[in-house]
Structure formats: C-alpha cells, structure tokens
There are 2 protein chains.
Amino acid sequence: MMKFSARSAGPALKPSLDTPARPAGGRTRQANEARILEAAEAVFAEAGFTGASMQAIAERAGLPKANLHYYFGTKELLYRTLLGRILDMWVDAFDHITPDRDPAEAIAAYITDKMRWSRTRPLASKVFANEVIHGAQQIEGYLSGKLRQIVAEKAAVIDGWVAEGRMAPVDPVHLFFTLWATTQTYADFEVQVRAVLARDRLTESDFDHATDQILRLMLRGCGLEVPHTVPDGR
Amino acid sequence: MMKFSARSAGPALKPSLDTPARPAGGRTRQANEARILEAAEAVFAEAGFTGASMQAIAERAGLPKANLHYYFGTKELLYRTLLGRILDMWVDAFDHITPDRDPAEAIAAYITDKMRWSRTRPLASKVFANEVIHGAQQIEGYLSGKLRQIVAEKAAVIDGWVAEGRMAPVDPVHLFFTLWATTQTYADFEVQVRAVLARDRLTESDFDHATDQILRLMLRGCGLEVPHTVPDGR
DNA sequence: GTCTATAGTGAGATAGAC
DNA sequence: GTCTATCTCACTATAGAC
C-alpha cells in the first residue's frame, strides 16, 4: 500500500520535519519514519508513554511492528525523537517577542500563534503535556537549558517595555507561565472544554472566539489594548 | 507496621475523606483504604493509569498487593474511587462565586483557593490532568453533567456582574478555562516551572508571588482592582 | 481479614527467513 | 530492507492456605 508516490529525483520535495543533523537515509526511509512519527504522536497522545504499545503505533502507521524497531531501535528512542520535533515547534512562537515591536502587537501575535498551534497540533501538545506532568525525565535538560535561556532573553524584552512605561508592571516569567497554560489548555484539556461548552468538536470559530477572549483578558491585564491589526502569527 | 494507632471508640475522629454514601466498613478498613488511596494518588500522578502498577501502589502503602484487590476489586475501580474524591475537591472553589459578593473579592478568593490547592495537593491535580488529557473516559459523565451545570450557574453570576457594569465584559466560561489553566499549571507543570525558575523546589513564597501576579493580571484583565483584603479562600 | 504462590495475558524486543 | 515467529518478562488478578 502506497509505496513510492512521487519518486521524482532531486532534493526532497519538502523537508516536512527537520531532522536532527542531516536528513539521513533514502526516500523510503524518510517516508516511513515520517509515517511512524505521525502514528506515534497520535498513540502517545491518547495513551501516554506506558499506555502506548508499539503494536498500536505499527497498526496506525500501516507497518509491521518489527519495522519500528528497525528504524528507531527502542520505544524510548522513538518517543525521544518525537519529543525533539515537538520542542522545536514549541519555542518558535517566541520569535514574536522582540524589543523593537509594539508590546500589544507582539504579545497578541504570541497568543494567536500559540492558539493556532493548539488548534492544528493538539496531539503534539498533549504528548508534551503528558511528558511534563509525569516528571519530564526525557526533556529535563532541555527545560533547564535551552528553554530557561530563551525565557530569560524574552523576559528581558518585556522588562524593557515595562521600564519604558509601555505596559503595566508584570513579572514576565509568570506572564509566560500564564500564556502557556491558557493557550495550551484548549488542546490538552479539549475534552473538558467540549464537555462544558456542549460541543461534539471544537470548530474554527470556537477557537477564534476563545482567542479573542484571551487576547482581551491578557492584554487588558498587561495594561494594553487589543491592536486593530490582529497579527497573523506567522 | 503501624497496626492500630488510636483505636478509641466513638465516631471516627475525623471523616478525613468523605466516602460516597456512608463510611462503610470498620476502623481498620477505613484506615487501610485511606492509606491505599493516598499511595495510589502518588503513583498514578507519577506514572499515569497504565504506568502505575498495583505492586508499586502496594509497596508505597506498605501492604501486600492482594489487599488492594480485596479492598477495591480492580485497578480501574481503585482509580475511579480516587478520581471521585478529587472531583469533589475540584468544584468546592466555586462556592466563592455568589451574586451578593463583590466581583473582585469573589474572583480573588477563587484564584487564591485554586492556587492553595495546587500547592497543597499537586498530586491530585496531576491525576486529574492526566485523566482529562487522555480522553477523560472515566469522568465523561461528570464533566458534561455536574461540572457543566455548575459552570452554567456561576457563569450566570458573572454575567450579572457584567450586566450591572461592575466589571468588564468577558465570556465567563472562557474566563473559567483561563483561571483553571493558570492556577493548575503550577501543580501539573511544576517541573517546567521549577526548571525555568531554576528552583530545586517551589517554596511557599514562590506560590505567594505567583498568586500575587495572577491576581493582578486576571483582575486587571476583568477591569477590576486587587482588593485590599486578599481573601483567605476557605 | 490477610497474604503467598501462581495462573494467564500482553508487552518490548529480536532472530532469522526472505 | 522487510516481516513472521518467538523469546522473555512484567503485569493484573485470583485461588487457596492461614
């Protein structure tokens, strides 16, 4: 089933997911690894690390279980690879926080981006949430290394805005904790949100409304006003 | 080890955890069940439902594994019992939201209460979070039943405040989503918070500072001011 | 009521044919 | 590179002695 679709030569049509170092392996290897990672994201999100079985991931990917071990060695290595991809996406939204930008626009763009991520990649968000809740053993170094550093940089930007009197005095680090929690809850706790809203599923307009409410609440909380040009995020 | 401490007669010294119907069983039964539930909370929080083993819970409770099955039947029933206790605590904080109260004081009391809960019962919060993230199969009825109803009631209270012009116009349901996420993240994502703050553990003063920041941000976001008498929550 | 010993199941991982 | 068949082990649950 689906062996070689578009086997045209030349560089890969799109790098889809940026691989650690160079995109090792041939075309079929890359395609299979991508399929396995996509299936793994769904199964790990649904069941957690221990609850997920290699059998379930293999079935979802449409491959025999042994192939997963051939490509990724162990369940833990597959999981770690998946986490790495997710973490890369996680920090991208920080790019919006730059000193030259208008505070309201920058923070609005950050919120909008994180909300879009919750809508389009809820499974990735759940895998990350599950990992952190259960101790973050696989990504401890990342959290206290790269993440801490980038938060420090971006907190300095916000401190600058506060010092210039361009927004209300807030502790930027706790502001980030609040923004992460508020936006990710629409992915991680989606079931609860749906239950309370009495929805079968969350539509795009549900997300637009939620984003609008969060923007108002958070920007007003920062002593800012919602910018007319709600930035597009990316 | 520790067989009968305080076996004085009369009614139970304190009902500790309110049981479903009547506190069925004798003193030792109640004591053992409480020990098992406490151990289960810790193990389920650390490892999730599938990752937790009855062996690990038994060891933590200092009892043989077979006793857990004697008291609770199956792993799933033990888990469901634990979830029931946690849900009861979860809705208690809503008691602060009443029409007669000052909006700023009521919301401040709600936030303060939820933050105290994150500090004192982080394990319970994690068990709940894990359950919701992975589909809330065990508590679906509760979420779309009792929880939805109580949220509707309390949302009406906030709508009333808004209609009276006592606070900024907000969608109360999404406000609750934000308050839940913001306060519970200090329990569920504690590892991440500690990593970013470079703390070995979160102290009481860390929580006081976080609570203060959340109060400022959220109340200002609702067009309110932090009340002078920061309510004690309970 | 309590606990030891064990049955039965399903998991991760791999050998070895293709 | 791919996949079937299988090894080994940990887990839930229970039978049955005390």
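Naming: A, B, ... by sequence-line order, numbering from 1 per chain.
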By nearest atom, which of the nucleotides C:dT2, D:dT12, C:dG12 is closest to the A:Lys65 side chain? C:dG12
Using the salt bridge (charged side-chain N to carboxylate O under 4.0 Å, His left out) rule, pick out the option among B:Arg199, B:Arg119, B:Arg194 that qualifies with B:Asp206. B:Arg199
Provide, to the nearest angstrom, the distance between the CD atom belonging to A:Glu33 and the P atom belonging to D:dT2. 10 Å
Mind telling me whether A:His174 and B:His209 have parallel, tilted or perpendicular rings, with 30° and 60° as the class edges? perpendicular
Do any side-chain nitrogens or oxygens of A:Tyr71 fall under 4.0 Å of OP1 or OP2 in D:dT2? yes
Look at the rings of A:Phe94 and A:Trp90 and say which category their plane angle falls in: under 30° parallel, 30 to 60° tilted, over 60° perpendicular. tilted
Starting at atom CG of A:Asn67, determine the distance to atom P of C:dT14, rounded to an integer number of angstrom. 15 Å
Euclidean distance, atom OH of residue A:Tyr79 to atom P of C:dG12 [Å, nearest integer]: 14 Å
For a 4.5 angstrom cut-off between non-hydrogen side-chain atoms, does B:Val193 reach B:Tyr186? yes
Just compare D:dT12, D:dT2, D:dT4 and give me whichever is closest to any side-chain atom of B:Met54. D:dT12
Using whole Å, what does the distance between atom C1' of nucleotide D:dT12 and atom CZ of B:Phe49 come to? 10 Å
Specify the separation, in whole Å, of atom CD of B:Glu76 and atom P of D:dA13. 9 Å
Are B:His69 and D:dT14 close enough that a side-chain N or O sits under 4.0 Å from OP1 or OP2? no
Side-chain contact, heavy-atom cut-off 4.5 Å: A:Met218 with B:Thr178? yes
Among the nucleotides C:dG12, C:dC3, D:dC3, which one has an atom lying closest to any side-chain atom of A:Ser53? C:dG12
Rounded interatomic separation in angstrom, taking CD from B:Gln55 and C1' from C:dT4: 12 Å
Which nucleotide, D:dC11, C:dG12, D:dA15, lies nearest any side-chain atom of B:Ala66? D:dA15
Does the side chain of A:Tyr70 get closer than 4.0 angstrom to OP1 or OP2 of D:dG1 through an N or O atom? yes
Taking C:dA13, D:dG1, C:dG1 as options, the one with an atom nearest any side-chain atom of B:Arg29 is C:dG1
Are any of A:Asn32's side-chain N or O atoms less than 4.0 Å away from OP1 or OP2 of D:dG1? no
Rounded to whole angstroms, how far apart are CG on A:Leu68 and C1' on D:dG1? 15 Å
Without decimals, in angstroms, what is the distance between A:Gln30 CD and D:dG1 P? 11 Å
Check every strand shown and say whether B:Ala52 touches a base, only sugar-phosphate, or nothing at a heavy-atom separation below 4.0 Å. sugar-phosphate
Considering only D:dA13, C:dG12, C:dT2, which nucleotide approaches the side chain of B:Lys75 most closely? D:dA13
